[in-house]
Amino acid sequence: KQGLKLSQWKGFIDFTVFWTEYSDMIEYVFDVYAPDSVEYPTFDHFGFKSLNVDNTRINGIDITLSGTGKIFGIPLKLLAGYTYTNPVNLDYDASDTMNTSEDRILKYRFLHSAKADLEFNFKKLSTGISFVYHSHMKNVDNVFVDPIIGNIILPGYAGYREEHQHGYIVFNHRISYQLTRHAKIALITKNLFNNEYIGRPGDIGPPLNITLQFTIGF
């Protein structure tokens, strides 16, 4: 962690390296789990089950930058961060057809993530914008993109993955005014550009949302 100062700007940069290893790591795996007594499985036998994925390693870097300063005399606050994660199965079997990735990347992980928040303050007025970015989720259970079963379990997901191979970014905005010492009014907008985005399969992010907020503090 290092302090920074440049003209009217001051802040910190934090750089972290992480490395973790697991033996007999357990993850949820989607498949058909029918008892031996069942001759013809049905959709009631589809689902997730906790299974060992052998030995794994998750390492990477994390960088955070925070600071304050002024632009044209207007106070500004900045908080930004980036994370690179390298989650791998050390005992990966290339013959495994359960994944959408042909390498040893663990399922349901973002390799690249970033976020930032920029806020301006001028007298009683404050406004800020933030964003969150996640790269394409490279590896998920292959059943979700199967042209037949996938369209029954999760219609549309396979098409979404095909069209969104560069991840997603979501912007939020806020603006507030300090009415009195104890009262403040704010307009908060989430998913500013009404982007369609999905994290893990089936987890559809909320659409554009605008909230008018009135706050009283004692």
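These numbers come from a predicted model, not from an experiment. The figures that follow rest on heavy atoms only: side chains count, while hydrogens, waters and symmetry mates do not.
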(request) Could you give me the CA-CA distance, side-chain angles and deciding distance for Asn86 and Ile105, then say whether side-chain contact (heavy atoms from CB on, under 4.5 Å) is met? (result) CA-CA 8 Å; Asn86 180 42; Ile105 297 296; 4.2 Å; yes
(request) Begin with the C-alpha distance, continue with both residues' side-chain angles, and end with the deciding distance and a verdict on side-chain contact (heavy atoms from CB on, under 4.5 Å) for Lys107 and Met137. (result) CA-CA 8 Å; Lys107 288 182 291 187; Met137 188 174 282; over 6 Å; no
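Cluster membership check: Ile188 does not share its hydrophobic cluster with Leu179, using side-chain heavy-atom separations under 4.5 Å among Ile, Leu, Val, Met, Phe, Trp and Tyr. Under the 4.5 Å side-chain heavy-atom criterion for grouping Ile, Leu, Val, Met, Phe, Trp and Tyr, Ile129 is connected to Ile71 within one hydrophobic cluster. Cluster annotation: Tyr133 is connected to Leu118 through the hydrophobic network of ILVMFWY side chains, with a link wherever side-chain heavy atoms come within less than 4.5 Å.
A side-chain donor from one of Thr127 and His173 sits under 3.5 Å from a side-chain acceptor of the other. Under the 3.5 Å distance criterion, with hydrogens and angles disregarded, no donor-acceptor pair is assigned to the side chains of Thr56 and Asn89.
Note on Lys138 versus Asp103: salt bridge recorded, some NZ/NE/NH1/NH2 to OD/OE distance being below 4.0 Å. A salt bridge is absent between Asp141 and Arg200; no separation between the charged side-chain nitrogens and carboxylate oxygens falls under 4.0 Å.
Between Phe48 and Phe144, the ring-plane angle classifies as tilted under the 30° and 60° cut-offs. Under the 30°/60° scheme for interplanar angles, the aromatic rings of His134 and Phe110 are found to lie parallel.
Under the 3.5 Å distance criterion, the side-chain polar atoms of Thr42 are matched with a main-chain donor or acceptor of Asp44. Remark: the backbone N or O of Ile58 is paired with a side-chain donor or acceptor of Thr20 at under 3.5 angstrom. His164 places no side-chain N or O within 3.5 Å of a backbone atom of Tyr197 that could act as its donor or acceptor partner. Judged by distance alone, with hydrogens and angles left aside, the side-chain atoms of Gln165 form a donor-acceptor pair with the main-chain N or O of Glu162 at under 3.5 Å. At least one donor-acceptor pair under 3.5 Å links the side chain of Asn172 to the backbone N or O of Asn191. Checked by atom type and distance alone, the side chain of Asn151 never pairs as donor or acceptor with a backbone atom of Pro155 at under 3.5 Å.
Just one residue in the list Asn59, Ile61, Asp62 forms a side chain to side chain contact (heavy atoms under 4.5 Å, CB included) with Val17, and that residue is Ile61.
Residues Asn52 and Glu27 form no side-chain contact, since every pair of their non-hydrogen atoms from C-beta on lies 4.5 Å or further apart.
Within 6.0 Å of OH on Tyr28 lie no more than 12 heavy atoms contributed by other residues, nucleotides or ligands. Environment of CD1 in Ile152: crowded, with over 12 heavy atoms of neighbouring residues, nucleotides or ligands closer than 6.0 Å. For Glu21, the CD atom counts as densely surrounded, since its 6.0 Å shell holds more than 12 non-hydrogen atoms of other residues, nucleotides or ligands. By the 6.0 Å contact criterion, CZ on Phe122 is open, its count of non-hydrogen atoms from other residues, nucleotides or ligands being 12 or less.
The two residues Ala183 and Phe214 come nearest to each other via the heavy atoms CB-CZ, 4.1 Å.
Taking the six-membered ring wherever Trp is involved, the centroid distance between the rings of His112 and Tyr84 falls below 6.0 Å.
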